[in-house]
Protein chains: 2
Amino acid sequence: MAKLGIKDIAAISGVSPATVSRTLRNPDIVSEETRKKVMKAVEEGGYTPSRFGANLRTQKSGNIIVVMPDITNQVNAGIIRAIESEAQKAGYSILLGDTQGLAEREKHYANMAQSGQADGVLLFTFHMPFNLNKALPVLKQLPPIVNSCESIPIEGISKVMIDNIAGARTAVEHLLSLGHKRIAAVMGPRDTPSTLERLKGYETALATARIEIDEQLIIRGDYGLDSGIGAMEQLLKLRLRPTAVFCFSDDMAIGAMSVLQENGFRIPQDISIMGFDDIRYARLMTPALTTIHQPLEEIGKACIELLLEQLDGKSEQARYVELPFQLMVRQSTGPAPL
Amino acid sequence: MAKLGIKDIAAISGVSPATVSRTLRNPDIVSEETRKKVMKAVEEGGYTPSRFGANLRTQKSGNIIVVMPDITNQVNAGIIRAIESEAQKAGYSILLGDTQGLAEREKHYANMAQSGQADGVLLFTFHMPFNLNKALPVLKQLPPIVNSCESIPIEGISKVMIDNIAGARTAVEHLLSLGHKRIAAVMGPRDTPSTLERLKGYETALATARIEIDEQLIIRGDYGLDSGIGAMEQLLKLRLRPTAVFCFSDDMAIGAMSVLQENGFRIPQDISIMGFDDIRYARLMTPALTTIHQPLEEIGKACIELLLEQLDGKSEQARYVELPFQLMVRQSTGPAPL
DNA sequence: CTGAAAGCGCTTACAG
DNA sequence: CTGAAAGCGCTTACAG
């Protein structure tokens with residue numbers, strides 16, 4: 001027996017296909033008697049409406065594409081989980097777009113909004129994957145879209161962010177308050193807005209404390225564990241070592257901690273370590289990692305909220321949502337050694 | 001200017017819509033001259049074919065739904081990343097189905113294969129979300145589907161697994177070889193096949209070593225960090241403590257380690273800790289975590305491979321792929337204390 | 001409250 | 001190598 005279509009259900013229940021459709025999508029406008037007849041046929045026949053027909057007719061896929069550089073990291077995984085959960089409540093499904101750092105993949109995923117594969121885009125990367133005509137307003141040229149985590153340098157796009165500058169500044173001020181003067185920074189990937197912002201926070205905090213920037217103490221990383229390892233090894237080779245290291249991600253901080261412990265340094269007595277993100281493993285490190293907490297679930301929720309507004313046609317203009325970070329003081333930071 | 005359709009491109013380039021379609025999907029069967037004309041119109045018009053029309057016509061969505069209990073954990077995240085990457089190469093997109101442990105969500109996602117939202121299903125949960133008629137062959141009643149990680153207790157479904165029994169047995173044998181006799185087990189979620197299999201491996205190893213099972217040393221967990229904490233706290237209260245703890249996941253092992261270190265126990269001198277999974281953080285713990293490595297990328301690749309075979313109609317019967325685990329001996333396990 | 005009809009945008013078997 | 005035509009399975013404006 002072949003799969004049943006709406007016509008079959010219509011025939012079985014003695015109504016028109018239109019009425020079957022109404023019963024399923026808009027039961028209130030159908031008489032109770034009709035509804036019962038139709039639902040009986042639907043259930044007995046095990047009928048599931050095909051999305052192909054509905055999608056073509058309504059010009060909606062019911063999908064949202066999430067474009068991320070790497071779903072494997074705890075920050076992105078936490079955000080996407082919240083996104084998926086919220087999207088589902090609103091009847092949308094999530095398409096995974098892991099770019100693995102490739103621009104071509106970014107374009108590919110963004111294109112899904114052109115082909116109708118997705119109704120909206122959640123962009124966690126900082127390149128603009130759509131061609132914009134500068135003469136026209138940005139909003140009119142884009143599909144429903146929300147940008148988060150890495151800020152695209154374009155006005156007129158809805159964004160969900162935390163204040164990275166203030167977050168990094170808070171981190172460094174915490175270290176300063178403990179008496180540290182030689183504070184290293186382990187940065188994220190070159191040119192990413194989040195890294196540049198956190199670097200700015202670092203520099204601002206030092207400048208305010210009238211401490212000169214020492215370029216040797218600023219190491220390039222990529223937010224990953226291994227780059228934290230490499231950065232710490234590099235810092236340990238310095239004749240004048242830092243007394244504290246501010247890593248722009250928890251993963252790098254965890255990598256840095258492992259190097260220190262392997263080499264017999266005590267944290268925080270010899271060197272303090274500070275992270276950024278507050279992934280779930282941070283508080284379970286020994287010593288527990290001091291870090292800046294990012295509200296992953298709230299970020300995910302806010303992304304969907306802003307996107308749904310656009311999908312529902314309720315938003316006239318771009319919205320900017322800033323979510324609060326939080327300093328989590330734990331055991332990996334302590335007073336500067338004398 | 002409204003979005004262009006295939007008819008517009010046909011009109012602009014002076015051919016029929018059929019020829020435009022051929023040029024885009026099957027350029028070889030079109031003359032070079034025609035191809036050039038059409039491609040010019042396509043590029044200048046910025047034409048992207050609508051998936052709505054194509055999907056309805058071909059009865060394919062080009063999507064695969066991945067049903068997982070929690071994408072936030074490192075094991076699942078690693079697998080899904082490989083899946084997405086491989087799927088993309090084959091022209092498929094991934095729909096995220098995070099069940100958050102809810103059976104209703106499982107059904108919801110599985111249903112996507114009925115509605116055409118997805119062409120195939122990758123199932124990482126152990127409930128059968130489709131109704132089966134026992135009189136008919138299993139394969140005929142299911143959409144293209146591959147089951148992995150948690151084995152559904154049904155014959156006739158393609159699966160990608162590791163040998164959990166042997167993996168756990170290997171873990172416990174490693175501890176036995178270090179002289180441990182009081183070996184605790186921290187299990188995963190109740191009733192999950194992976195937990196039952198690993199428990200069996202634990203029991204088999206002990207039985208072979210003629211060590212009696214002590215029920216007090218078997219603690220229920222849920223694979224998560226916090227349950228590792230709770231389990232370790234419980235074990236520490238025992239009058240006769242274990243000298244080694246085999247956690248059925250690295251996350252639980254990490255939780256257990258943090259409890260031990262907080263309470264002044266030395267790992268492995270006082271108590272050895274063993275994990276399962278080999279997530280990326282395992283080797284960076286201090287001490288580095290001894291564990292059983294799961295080949296996440298290979299699991300993801302194998303899942304897509306088996307599913308593609310079904311999608312391409314090349315598979316006559318269910319296939320079973322078993323991938324090798326690997327014992328990673330690191331510093332969290334050592335000789336049993338005297 | 002319900003039905004008949006049109007149409008969403010493609011692809012492909014058929015014919016030439 | 002190309003075109004005309006049919007049709008994939010729905011939804012909805014229109015009419016009654």
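Quick note: numbers below take in every heavy atom, side chains included, and nothing from hydrogens, waters or symmetry partners. We name chains A, B, ... by the order of the sequence lines, and we start the count at 1 in each one.
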(request) Report the distance from atom CD1 of A:I64 to atom CD1 of A:I304, rounding to the nearest 0.5 Å. (result)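 So the CD1 of A:I64 and the CD1 of A:I304 are separated by 4.0 Å.
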(message) When you compare the side chains of A:E150 and A:H127, does any donor N or O come within less than 3.5 Å of an acceptor on the partner?
(response)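 Judged by distance alone, the side chains do not pair up.
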(message) Is it the case that the side chains of A:D119 and A:S61 hold a donor-acceptor pair, with the cut-off being a distance below 3.5 Å and no angle test?
(response)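 Looking only at side-chain atoms, A:D119 and A:S61 do form a donor-acceptor pair, the distance falling under 3.5 Å.
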(message) Side chain of B:S16, heavy atoms from C-beta onward: which of D:dC1, D:dG3, C:dG3 has the nearest atom to it?
(response)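 Nearest nucleotide to the side chain: D:dG3.
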(message) Please compare B:A18 and B:D28 by the position of their nearest nucleotide in DNA chain D and report the one closer to 5'.
(response)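 Final value for this comparison: B:D28.
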(request) Output yes when B:K40 and B:E44 qualify as a salt bridge under the 4.0 Å nitrogen-oxygen rule, no when they do not. (result)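 Answer for the salt bridge query: yes.
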Using nucleotides 6-10 of chain C, report all nitrogen or oxygen pairs with the protein that are shorter than 3.5 Å.
| unit_1 | atom_1 | unit_2 | atom_2 | d |
| --- | --- | --- | --- | --- |
| C:dC8 | O2 | A:R57 | N | 3.4 |
| C:dG9 | N2 | B:G53 | O | 2.9 |
| C:dC10 | OP1 | B:Y47 | OH | 3.0 |
| C:dC10 | OP1 | B:S50 | N | 3.2 |
| C:dC10 | OP2 | B:I6 | N | 2.9 |
| C:dC10 | O5' | B:Y47 | OH | 3.2 |
| C:dC10 | O5' | B:S50 | N | 3.4 |

(message) How many whole angstroms separate atom CD1 of A:I29 from atom C1' of C:dT2?
(response)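 Distance check: A:I29 CD1 to C:dT2 C1' gives 9 Å.
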(request) Mind calculating the distance between CZ (A:R22) and C1' (D:dT11) to the nearest angstrom? (result)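 Checked: the CZ to C1' distance equals 9 Å.
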(message) Please determine whether a side-chain nitrogen or oxygen atom of B:T19 lies at a distance below 4.0 Å from atom OP1 or OP2 of D:dT2.
(response)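 For D:dT2, neither OP1 nor OP2 has a side-chain N or O of B:T19 closer than 4.0 Å.
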(message) Donor-acceptor pair, distance only, cut-off 3.5 Å: does the side chain of B:S158 make one with the backbone of B:R319?
(response)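 Confirmed, B:S158 side chain pairs with B:R319 backbone.
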(message) Give me the distance, rounded to whole Å, that separates D:dG16 from D:dT12 when you measure between the C1' atoms they each carry.
(response)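 D:dG16 and D:dT12 have their C1' atoms separated by 16 Å.
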(message) Counting only Watson-Crick pairs (N1-N3 plus N6-O4 or O6-N4) and G-U wobbles (N1-O2, O6-N3), all under 3.5 Å, who is the partner of C:dG3?
(response)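 Check on C:dG3: paired to D:dC14, both distances under 3.5 Å.
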(message) If the condition is side chain to side chain contact (heavy atoms under 4.5 Å, CB included), which residues does A:N147 pass it with, not counting sequence neighbours?
(response)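 Side chain to side chain contact (heavy atoms under 4.5 Å, CB included) list for A:N147, sorted by chain: A:L123, A:S151, A:I152, A:I157, A:K159, A:M161.
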